[in-house]
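Take a look at the structure below.
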Amino acid sequence: MSEAAIMAIFGLLASVVVIIVASVMAITNPYTAMFPAEAEPAHDIAIGIGIPVALSSIVFSYSGSVVYPHVEASMKKPKQWPNVVYSAMGFCAVCYLLIGVAGYWAYGDLVVSPVLDSIPTGAAATASKILITLHVMIAAPIMLLSFYLEVEKMWNITPERLGKKREFTVRLVYRSVVVGVVCAISLAIPYFSDFLGLISSIACVTMYAILPIICYLKLYGHRVAPWYEKIWMVVVLVIGVVASIWGSVDAIKSLIRDTKG
């Protein structure tokens with residue numbers, strides 16, 4: 001977990017810098033200032049057709065929960081875990097809202113994904129793109145950490161059995177192979193963006209919004225949770241089911257459009 005902590009710190013700093021730069025650039029250089037001769041972009045309170053993908057993306061943006069059990073287990077004071085989770089999730093929500101509101105306010109329906117392609121080109125935009133690229137490359141293995149640890153535990157890849165040098169070499173080779181396979185799959189699958197939206201709608205929403213509540217109720221029963229937690233569970237389950245079904249249908253439609261050209 002020590003390596004994951006270092007990567008997480010870099011990812012945090014990179015994300016904060018990129019969010020601040022992109023938000024400031026969007027606010028100081030809105031579309032009307034960049035293209036004064038063109039019509040002002042439209043702004044909608046809500047876009048119904050984008051709700052399913054948005055819900056799936058929102059759930060996916062909190063998918064770091066896959067490594068939470070390992071993080072909690074490695075803490076010196078695990079009892080402080082609830083405070084850590086509340087603080088982390090709150091901070092993430094503020095960051096997402098900041099860049100989302102700034103980008104949509106500045107560019108409206110003409111904003112593109114990623115938002116860094118909407119802000120004016122220059123040193124700041126280039127530096128932000130480099131940082132976010134490094135962040136993605138470094139943070140990606142963190143999402144595989146749970147898989148790594150479970151397989152290494154199953155194969156008994158430990159310093160006690162292999163020795164420190166051999167254990168490090170085996171871990172390095174094994175984890176590098178896994179990352180290579182993941183990259184190869186992402187490159188080989190056509191229309192990967194829409195395919196990822198389908199996977200996000202089915203797997204991520206189920207894993208992060210539905211299964212945790214089902215497992216909690218299976219382990220502790222519904223009588224343990226107070227009434228307000230039960231209400232919150234129902235809300236999360238309903239949102240999760242709607243996001244999964246609606247997002248899957250929308251992603252499948254996109255894939256069909258892609259294949260038909």
So, for [X] and [Y], which heavy atoms are closest and what is the spacing to 0.1 Å?
X	Y	answer
A22	I99	CB-CD1, 3.4 Å
A125	P120	CB-O, 3.4 Å
V111	V115	CG2-CG2, 4.0 Å
S186	C183	OG-O, 2.6 Å
S15	H135	OG-NE2, 3.4 Å
A106	P41	O-CG, 4.4 Å

For the residue pair S254 and R257, confirm or rule out a side-chain donor-acceptor distance under 3.5 Å.
->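 The answer is yes; a qualifying pair exists.
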For [X] and [Y], indicate whether the former's side chain and the latter's backbone hold a donor-acceptor pair under 3.5 Å.
X	Y	answer
D117	V112	no
S176	L172	yes
Y104	D44	yes
T259	I256	yes
S87	V84	no
Y191	D258	yes
H43	W105	yes

Tell me whether [X] shares a hydrophobic cluster with [Y], the cluster being built from Ile, Leu, Val, Met, Phe, Trp, Tyr side chains joined at under 4.5 Å.
X	Y	answer
L217	L219	yes
L110	F35	yes
L255	V249	no

Should [X] and [Y] count as side-chain neighbours, where that means a heavy-atom distance under 4.5 Å?
X	Y	value
F91	V16	yes
L134	I130	yes
K129	V18	no
V17	S128	no
Y174	V151	yes
I19	Y96	no
E229	Y216	yes

Say you draw a straight line from [atom1] of [X] to [atom2] of [Y]; how long is it, rounded to the nearest 0.5 Å?
X	Y	atom1	atom2	answer
M25	T121	CE	OG1	8.5 Å
S23	I119	OG	CD1	9.5 Å
T206	L211	OG1	CG	6.5 Å
L162	F168	CG	CZ	13.5 Å
L116	L131	CG	CG	10.0 Å
M233	I214	CE	CD1	11.5 Å

Could you walk me through whether E40 and Y31 pass side-chain contact (heavy atoms from CB on, under 4.5 Å), step by step?
-> CA-CA 7 Å; E40 184 177 348; Y31 188 86; over 6 Å; no
Would you check, one step at a time, whether the test side-chain contact (heavy atoms from CB on, under 4.5 Å) holds for I157 with E167?
-> CA-CA 6 Å; I157 303 176; E167 181 259 355; 4.1 Å; yes
For E152, check salt bridge (Lys or Arg N to Asp or Glu O under 4.0 Å) against everything at least two apart and list the hits.
->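 With sequence neighbours excluded, E152 shows a salt bridge (Lys or Arg N to Asp or Glu O under 4.0 Å) to R171, R175, given in chain and number order.
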